[in-house]
Student: 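After the structure tokens below, expect a handful of questions from me.
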Amino acid sequence: MTNPHFSYEVTHICKQSGARLGVLHTPHGDIPTPIYMPVGTSACVKAMTSREMEEIGTKILLSNTYHLHLRPGEELIREAGGLHRFMDWPHPILTDSGGFQVFSLAGIRKIKEEGVTFQSHLDGSRKFISPEVSMDIQQALGSDIAMAFDVCSPYPCDYKTAKEAMERTHRWAERCKEHHTREDQALFGIVQGAFYEDLRIESAKALSDMDFIGYGIGGLSVGEPKPVMYEMLDKIRPYMPEGKPRYLMGVGSPDCLIEGVIRGIDMFDCVLATRIARNGSIFTHRGRVVIKNGKYAHDFSPMDEACDCYACTHYSRAYVRHLFNAKEITAGRLASIHNLRFLLRMMEEIREAIAEDRLLDYRKEFYERYDLTKNF
RNA sequence: UCCUCAGUAGCUCAAUGGCAGAGCAUUCGGCUGUUAACCGAAGGGUUGUAGGUUCGAGCCCUACCUGGGGAG
């Protein structure tokens, strides 16, 4: 199936690692892959303005069907002229389907074949989202990429439950495809199957047969050890369509980005960078730093001397630490600017490394300088 | 000078005569398709001082010290 608004081309394959370099063309611009997508759940990357998002090099960002449906509602956003205009982001947007919210808000929902009934976390009112409803909402929002409404299973998860969740995800994927009509919006299917190799492979094959424009890999990074996630990626890789973008959903620590790209992933999104930023932690080229710690009270060097972001070129650790200490709202803003820039720049480096066939060297250099066990 | 009230964790305050606590602050940790500017943990005390009563005193009694209020 061809769509005039979307195409994905692989431009280079790293001879050293097999990782791919590509470009995803969308109605709001081209996206170089592999790419990291900052998350703006409620039509806003927390603490950031769209101008700042552009300045740090964001190519595409994420928003969320579930949250925008509850507030302010997709009709208001349609009235505003669509999500791009509403939030002043003229570049690509991907919307998550709400499937993950159904999973993470467990306890106040009931999943049936038809769809999910749940209580709004905002006012307790009864709501219903089905594959069709999710498609309607995402089409009203007008994102460039819509995600299928899936069933995410937990970790650990027994085989029967995982299989049922996967099979329902497949049936729902068909319904999403059936109901999705907007040509200027790409629909991605989502591979599930928990942590069972055969289910993951079965899911990858089933989704491939449905011929989506791109594929999410869901249900990972839900509490399992990293090697377990990496193993799943290795297992399904041969069964993922070669000419389509692969999106590892919800993964975005620096080490996971590299490991994911090496395993053939093209797209990532993650709240980690912005969440830990607001809570006083930052990424640096040497590892994670809890910048609110007392030991930085007199440290007048930048958060990361190797960083080119606005925060690092203008402010010191002591200053940012003071802002956290004083509960100034700018603390979370500066840390967010930095953490997002850190990941975006790292992805730029990864793309360069792929182009120069030296991604394994890049990974080696990364682990030599980036201490996963200590904070500095 | 007298009367009166009050002195408990860095701060503001709890605690029938029966294991001395909370909130905030401090320190440290966690955070992966955001219900998160959030959540968790730890450190911190000769209960103003000195005596007394009591099996047992932060609490009751005496004196003193410090501070607030009042009278003169």
Student: Within 45° of the six-membered ring axis of Tyr230(A) and under 6.0 Å from that ring's centre, is NZ or CZ of Arg263(A) located there?
Tutor: yes
Student: Using the P atoms only, state how far rC3(B) lies from rU62(B), rounded to an integer number of Å.
Tutor: 12 Å
Student: Checking base pairs now: Watson-Crick or wobble, both atom distances under 3.5 Å. What partners rG18(B)?
Tutor: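 Partner of rG18(B): rC55(B).
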Student: Considering only atom C1', compute the distance from rU46(B) to rG51(B) and round it to an integer number of Å.
Tutor: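 To the nearest whole Å, 16 Å.
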Student: With both distances under 3.5 Å as the test, what is the Watson-Crick or G-U wobble partner of rC2(B)?
Tutor: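 Its partner is rG70(B) (Watson-Crick or G-U wobble, both distances under 3.5 Å).
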Student: Between rC59(B) and rG72(B), how far apart are the C1' atoms? Round to whole Å, please.
Tutor: 34 Å
Student: Assess whether a salt bridge exists between Lys244(A) and Asp266(A), defined as any Lys/Arg side-chain N lying under 4.0 Å from an Asp/Glu carboxylate O.
Tutor: no
Student: With a 3.5 Å limit on both atom pairs, tell me what rG7(B) is paired to, counting Watson-Crick and G-U wobble, or say none.
Tutor: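 Answer to the pairing question: rC65(B), which forms a Watson-Crick or G-U pair with rG7(B).
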Student: Taking rG68(B) as the reference, what is the distance to rC13(B) when you measure between their P atoms (whole Å, please)?
Tutor: 15 Å
Student: Classify the nucleic acid contact of Arg288(A) as base, sugar-phosphate or nothing, counting any heavy atom under 4.0 Å across all strands shown.
Tutor: base
Student: Answer yes or no: is there a donor N or O on one side and an acceptor on the other, between the side chain of Ser63(A) and the main chain of Gly40(A), under 3.5 Å?
Tutor: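 A pair under 3.5 Å: yes.
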Student: What residue among Thr58(A), Val45(A), Leu83(A) forms side chain to side chain contact (heavy atoms under 4.5 Å, CB included) with Trp89(A)?
Tutor: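 So the option named by the test is Thr58(A).
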Student: Contact class for Arg109(A) (heavy atom, under 4.0 Å): base, sugar-phosphate, or nothing?
Tutor: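 Here Arg109(A) touches no strand at all.
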Student: Consider only side-chain N and O atoms of Glu52(A) and Thr49(A), and report whether a donor and an acceptor are under 3.5 Å apart.
Tutor: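 Side chains of Glu52(A) and Thr49(A): pair found under 3.5 Å.
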Student: Measuring only the P atom in each nucleotide, how far is rC55(B) from rA14(B)? A whole number of Å is fine.
Tutor: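 Comparing P positions in rC55(B) and rA14(B) gives a spacing of 31 Å.
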Student: Could you tell me whether Asn325(A) contacts a base, only the sugar-phosphate backbone, or nothing, with contacts defined as non-hydrogen atoms closer than 4.0 Å?
Tutor: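 It contacts sugar-phosphate atoms only.
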Student: Nucleotide range of RNA chain B contacted by chain A, 5' to 3', under 4.0 Å to a heavy atom?
Tutor: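 For RNA chain B, the relevant span reads rA25(B) to rC38(B).
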Student: Assert yes or no for the condition that the ring centre distance of Tyr215(A) to Tyr247(A) is strictly below 6.0 Å.
Tutor: no
Student: Could you work out the separation of rU1(B) and rA9(B) based on their C1' atoms and round it to a whole Å?
Tutor: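 Comparing C1' positions in rU1(B) and rA9(B) gives a spacing of 37 Å.
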Student: Taking the P atom in each of rC61(B) and rG17(B), what is the distance between them to the nearest angstrom?
Tutor: 12 Å
Student: Looking at rG40(B), which nucleotide sits across from it as a Watson-Crick or G-U wobble partner, both distances under 3.5 angstrom, or is there none?
Tutor: rC28(B)
Student: Quick one: label Lys327(A) by what it contacts on the DNA or RNA (base, sugar-phosphate, nothing), any heavy atom closer than 4.0 Å.
Tutor: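 Touches sugar-phosphate only.
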Student: Indicate yes or no: at least one non-hydrogen side-chain atom of Leu233(A) is less than 4.5 angstrom from one of Ile265(A).
Tutor: yes
Student: Please confirm whether the ring centroid of Tyr315(A) lies under 6.0 Å from the ring centroid of Tyr310(A).
Tutor: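 They qualify: ring centres under 6.0 Å apart.
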Student: Describe the nucleic acid contact of Gly99(A) in one word from base, sugar-phosphate, nothing, applying a heavy-atom distance below 4.0 Å.
Tutor: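 Since no nucleic acid heavy atom lies under 4.0 Å of Gly99(A), the category is nothing.
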Student: How would you label the contact of Gln119(A) with the nucleic acid (heavy atoms, under 4.0 Å): base, sugar-phosphate, or nothing?
Tutor: nothing
Student: Would you measure the distance from the C1' atom in rG58(B) across to the matching atom in rU49(B) and give it in whole Å?
Tutor: 15 Å
Student: Do the ring planes of Phe195(A) and Tyr155(A) sit parallel (below 30°), tilted (30 to 60°) or perpendicular (above 60°)?
Tutor: perpendicular
Student: Looking only at the side chains, is there a donor atom on one of His170(A) and Ser203(A) sitting less than 3.5 Å from an acceptor on the other?
Tutor: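 Judged by distance alone, the side chains do pair up.
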Student: Which is true for Asn293(A) with a 4.0 Å heavy-atom rule: it touches a base, it touches only sugar-phosphate, or it touches nothing?
Tutor: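 Sugar-phosphate, no base atom in range.
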Student: Got a donor-acceptor contact below 3.5 angstrom from the Asn293(A) side chain to the Arg321(A) backbone?
Tutor: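 Here the side-chain-to-backbone pair does not exist.
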Student: Nearest-nucleotide wise, let me know which of Ile329(A) and Ser97(A) is further upstream toward the 5' end of RNA chain B.
Tutor: Ser97(A)
Student: Determine the contact category for Leu62(A): base if any of its heavy atoms lies under 4.0 Å from a base atom, sugar-phosphate if only primed atoms, P, OP1 or OP2 are that close, otherwise nothing.
Tutor: sugar-phosphate
Student: Please give me every residue in residues 266-283 of chain A whose heavy atoms get under 4.0 Å of an atom in RNA chain B, ordered by residue number.
Tutor: Asp269(A), Cys270(A), Val271(A), Leu272(A), Thr274(A), Arg275(A), Ile276(A), Arg278(A), Asn279(A), Ser281(A)
Student: Considering every strand and a 4.0 Å limit on heavy-atom distances, what is the contact class for Gly252(A): base, sugar-phosphate, or nothing?
Tutor: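 Touches a base.
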